[in-house]
Amino acid sequence: MTLLTRPIVTAIASGKGGVGKTVIAANLAAWLAEQGYRVLVVDCDLGLANMDILLGITPAHTLKDVVFGDKTIHEIITPTDAGFDLIPACSGVKEMGQLIYEKVQLVKDTLEPVFSQYDQVLLDTGAGISEVVLQFNLFAQKNIIVLNREPTSLTDAYAVIKVMSQRFGRRTFAIVVNSARDEKEANRLFTHINTVCKEFLGLSVDYLGYIVHDDAVPRSIMRRSVLIHDAPDSRATKRCAAVARAVVDWDPSTCYGPAVSPGQSRSGHVAV
Ligand SMILES: Nc1ncnc2c1ncn2[C@@H]1O[C@H](COP(=O)(O)OP(=O)(O)OP(=O)(O)O)[C@@H](O)[C@H]1O
Ligand SMILES: [Mg+2]
């Protein structure tokens with residue numbers, strides 16, 4: 001396999017919390033590492049980080065020690081058993097969750113030189129549309145939005161896409177449906193959000209597939225192991241691998257939807 005010369009930076013976001021961003025980021029990263037990519041995951045959920053817990057590691061230092069302490073970014077890079085490197089964040093530190101714009105820029109400037117050592121960088125962002133979250137989403141070339149079958153997750157996913165497109169001019173997003181009952185349900189949810197985005201924002205979203213609801217997922221978290229290693233034959237693992245392949249193949253530069261100027265865009269509440 002030819003290793004890439006420029007890292008691909010992919011942000012994994014959602015409107016609603018708890019829809020599976022961190023699980024998906026960890027498993028995508030583990031799958032990519034298995035394929036031979038050099039992979040870095042950045043825990044961008046600055047105030048409520050939990051990628052380290054999911055992986056069963058206790059990092060000595062986190063981004064907090066870079067922003068408010070004297071650590072360099074290189075000193076906090078933590079190798080994981082899952083085959084990728086992690087830049088950990090901390091949990092329960094309010095100042096980190098509410099970083100001012102300048103500090104977020106500092107984090108981004110500090111991260112950028114590190115990225116060139118990797119082929120794939122995944123940003124596990126916090127939920128919602130806070131300034132910090134939006135800044136990390138803008139940092140990525142590929143924007144993945146995760147939603148599940150809860151109607152609120154669909155409306156909140158739409159809210160993220162709306163803000164990113166109307167405020168920052170982003171036009172390409174890809175959807176992953178998590179915790180779906182089956183393919184049919186996932187397709188229905190994707191069609192719904194795509195229809196709403198076309199109607200109200202004038203853009204089409206892409207589809208990277210779905211991951212089924214599977215008890216193997218919480219079991220793997222309890223065992224502090226990534227799902228694809230903990231339960232390689234599970235239904236969710238097979239779907240994670242399919243989504244990971246789609247993420248690699250997805251080229252946002254070829255999928256621009258019809259342009260709509262902010263004045264033309266109709267804002268609207270999404271009925272689900
Ligand atoms: N496909 C799935 N099947 C069953 N349970 C799942 C699945 N995906 C995620 N979960 C469960 O959902 C919970 C939340 O997952 P996760 O922490 O990845 O969400 P998140 O979007 O990162 O949350 P937050 O917004 O708080 O960062 C986990 O505890 C996990 O057990
Ligand atoms: Mg998370």
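In listed order, ligands and their atoms are each counted from 1.
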**Student:** Verify whether one side chain among T237 and S234 offers a donor that lies under 3.5 Å from an acceptor in the other.
**Tutor:**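 Present: a donor and an acceptor within the cut-off.
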**Student:** Decide whether K21 and S14 meet the rule of one side-chain donor and one side-chain acceptor closer than 3.5 Å.
**Tutor:**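 Checked: K21/S14 side chains pair up, N/O donor to acceptor below 3.5 Å.
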**Student:** For the residue pair L28 and L122, establish whether any side-chain heavy-atom pair is separated by less than 4.5 Å.
**Tutor:**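 Answer yes - side chains close enough.
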**Student:** Can you tell whether the side chains of R167 and E131 come within less than 4.0 Å, N to carboxylate O?
**Tutor:**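 So R167 pairs with E131 through a salt bridge.
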**Student:** Should V19 and L147 count as side-chain neighbours, where that means a heavy-atom distance under 4.5 Å?
**Tutor:**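 No; the side chains remain at least 4.5 Å from each other.
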**Student:** State, yes or no, whether a side-chain contact exists between L54 and V23 at a heavy-atom distance under 4.5 Å.
**Tutor:**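 Of all side-chain heavy-atom pairs linking V23 with L54, at least one is under 4.5 Å.
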**Student:** May I ask you to check whether N50 brings an N, O or S atom to under 2.8 Å from the Mg ion (ligand 2)?
**Tutor:**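 For N50, the answer is no, given that no N, O or S atom comes within less than 2.8 Å of the Mg ion (ligand 2).
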**Student:** For ligand 1, would you mind listing the residues that have at least one heavy atom less than 4.0 Å away, ordered by chain and number?
**Tutor:**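 Only G17, G18, V19, G20, K21, T22, V23, D45, A127, N178, S179, I211, V212, H213, D214, V217, P218, I221 have heavy atoms that fall under 4.0 Å of ligand 1, ordered by chain and number.
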